[in-house]
Amino acid sequence: MNQYRTIGKNFTRKDGPSKARGELKYMGDYKIPGMLYGKILFSPHFRADIKHIDVSRALAAEDVITVVTADDIPGSPLRGLIIKDHPVLCGTRVNYRGDAVAVVIAVSEEAALRALDLISVEYEVLPHVLTADEALGAEAPRVHEGGNVAAHYEYRSEGDLDSVFGSAPHVFEETFETGYQEHAYLEPEGGFAVPREDGGVDVWYGCQNGHRARRDLTAVLDLPLDKIDVHSHPLGGGFGGKDDLLLQGILGVCALKCGRPVSINLTREESFRMSPKRMPFRIAL
C-alpha cells in the first residue's frame, strides 16, 4: 500500500473535529455585516389564480427594506428537479399550500414576519386534487397544461411470464402503499446569498447538489455560470431531501434586488409546508 497516497490509509474527516466540538457554522449561524432577513408568504389555498398582490402596507412597515415578488425574477420563473414546472415565486397561480407568493426583506426576522400579515393577495380559488387517484380521474382539474402525469416509463425484460405464472403452485398479487415521509434532518432548509461587485451572486445553502443548483440558477437569475457560486457545505442532514432548487433561486433574487446579503431559514413548520419531502407510493405486485 506504500505506493498509494490514500487507498488503504486512515484519514480524519476534515469537518470531524469542528462538528464534534460544536464549532462548525451551519446556515443559520452566519452573521454578515449588513445582512437582511427574509420571510416567505405562502399560499393559503391548494390551488388558485392570483388576481392581485398589494404590498404597499408591508413596504411602509417599520424595519422593512423591500418585498420581492415574481415580477423581480430577472430570468426564467420556473424551477424543478426533473421538470422545470415549479415557480420560484408564484405570480399568476398557486398549485399547493406551500407555494411561495412573496418574500418580505427586513432588518430582522421578527420585522419580516410581522409584515407578512400586511400583504394583501386577491385569489380566485380553483378546484384541486389531493390524491393521485383524484389526479388521474377523467374529470380532474389539470395542474399543468400537459396534464397531471409528470412522466410515464415502461421497462420490459425478455421471457415467458405467462408460462412461469402458469406453472407456479401459488401466485399472489397485492397492492402496497406508503405514506409521506419527513426526512427529519436537524437543520431545516435555509441559507443566505451575497451580491458580488461584478453583478453576480454567491449563494450559501445546505443542499446535496451545489453544482446542479449553480447551473439552474443561471436560468433563474439570467446570469452566466462564472457569475454564480453555490456553497453547499455544511449540510445539516439530508437523507434524500434538500435536493431541489427550493430556496436558492429566492435567495439569489432577493440579494440581487437588495444589493445586500439576505438570509432565509425555514422553521420546521415552514419546511413541512414548502418542501415536497418523500412522496407516497402505490406499488402493484
Side-chain angles (χ1 to χ4, degrees), residues 36-61 64-106 112-113 115-126 128 141-146 189-193 195 199-201 203 205 213 215-223 228 230 244-260 262-266 270 273-276:
L36 302 173
Y37 299 86
K39 295 301 290 185
I40 298 172
L41 179 69
F42 295 104
S43 165
H45 303 294
F46 292 109
R47 187 167 178 262
D49 281 339
I50 298 174
K51 311 304 290 186
H52 181 67
I53 302 177
D54 184 356
V55 302
S56 57
R57 293 174 61 218
L59 285 172
V64 170
I65 302 300
T66 191
V67 178
V68 178
T69 67
D71 292 337
D72 296 304
I73 299 173
S76 171
L78 298 176
R79 63 175 177 87
L81 184 61
I82 299 174
I83 301 173
K84 301 295 186 291
D85 60 358
H86 196 142
V88 175
L89 288 168
C90 297
T92 58
R93 175 173 290 182
V94 293
N95 280 320
Y96 80 116
R97 295 186 65 196
D99 263 336
V101 177
V103 186
V104 175
I105 308 298
L113 187 60
L116 286 182
D117 293 333
L118 302 177
I119 299 176
S120 176
V121 184
E122 179 185 348
Y123 294 98
E124 179 184 342
V125 179
L126 302 173
H128 62 271
R142 290 182 169 223
V143 177
H144 299 289
E145 291 184 3
E189 297 87 348
F192 60 97
V201 65
V203 178
Y205 187 82
R215 292 193 301 269
D216 289 347
L217 282 174
T218 61
V220 175
L221 302 180
D222 193 24
L223 289 173
I228 300 173
V230 175
D244 200 354
L245 201 71
L246 191 70
L247 290 177
Q248 298 97 314
I250 293 176
L251 285 167
V253 172
C254 291
L256 289 175
K257 179 174 182 178
C258 295
R260 291 170 59 178
V262 174
S263 172
I264 300 176
N265 289 278
L266 300 184
E270 290 169 338
R273 183 169 186 169
M274 188 179 190
S275 175

[X] side chain near [Y] side chain, heavy-atom distance below 4.5 Å:
X	Y	answer
Val64	Leu118	no
Ile40	Leu266	yes
Lys84	Asp216	yes

For the student: nearest non-hydrogen atoms of [X] and [Y], plus distance:
X	Y	result
Val103	Gly38	CG1-CA, 4.2 Å
Ile53	Ile50	CG1-CG2, 3.7 Å
Gly249	Leu221	O-CD2, 4.3 Å
Leu89	Ile73	N-CD1, 4.0 Å
Ala115	Val104	CB-CG1, 3.7 Å
Gly200	Leu223	CA-CD1, 4.1 Å

[X] (side chain) donor-acceptor with [Y] (main chain) under 3.5 angstrom:
X	Y	value
Asp72	Thr69	yes
Tyr96	Met274	yes
Arg97	Phe42	no
Asp54	Ser56	yes

task: List the steps and the verdict of side-chain contact (heavy atoms from CB on, under 4.5 Å) for Leu217 and Val201.
output: CA-CA 10 Å; Leu217 282 174; Val201 65; 5.9 Å; no
query: Taking atom types as modelled and ignoring hydrogens, do the side chains of His45 and Asp99 form a donor-acceptor contact shorter than 3.5 angstrom?
result: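 Per modelled atom types, His45 and Asp99 side chains form no pair under 3.5 Å.
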message: Applying side-chain hydrogen bond (donor to acceptor under 3.5 Å, both in side chains), can you list everything that pairs with Arg215, at least two apart in sequence or on another chain?
response: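 So Arg215 forms no side-chain hydrogen bond (donor to acceptor under 3.5 Å, both in side chains) with any residue.
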query: Going through the checks in order, is the side-chain contact (heavy atoms from CB on, under 4.5 Å) test met by His144 and Asn95?
result: CA-CA 9 Å; His144 299 289; Asn95 280 320; 4.0 Å; yes
- request: Please round to the nearest 0.5 Å and tell me the distance separating atom CG of Leu36 and atom CD1 of Ile264.
  value: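 Rounded to the nearest 0.5 Å, the CG-CD1 separation comes to 10.5 Å.
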message: Check Asp244 with Arg79, please: is the shortest side-chain N to carboxylate O separation under 4.0 Å?
response: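 Result for this pair is yes, salt bridge flagged.
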message: So if I apply the side-chain contact (heavy atoms from CB on, under 4.5 Å) rule between Val68 and each of Val262, Val55, Ile105, which one comes out positive?
response: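 Looking at Val262, Val55, Ile105, the match for Val68 under the side-chain contact (heavy atoms from CB on, under 4.5 Å) is Ile105.
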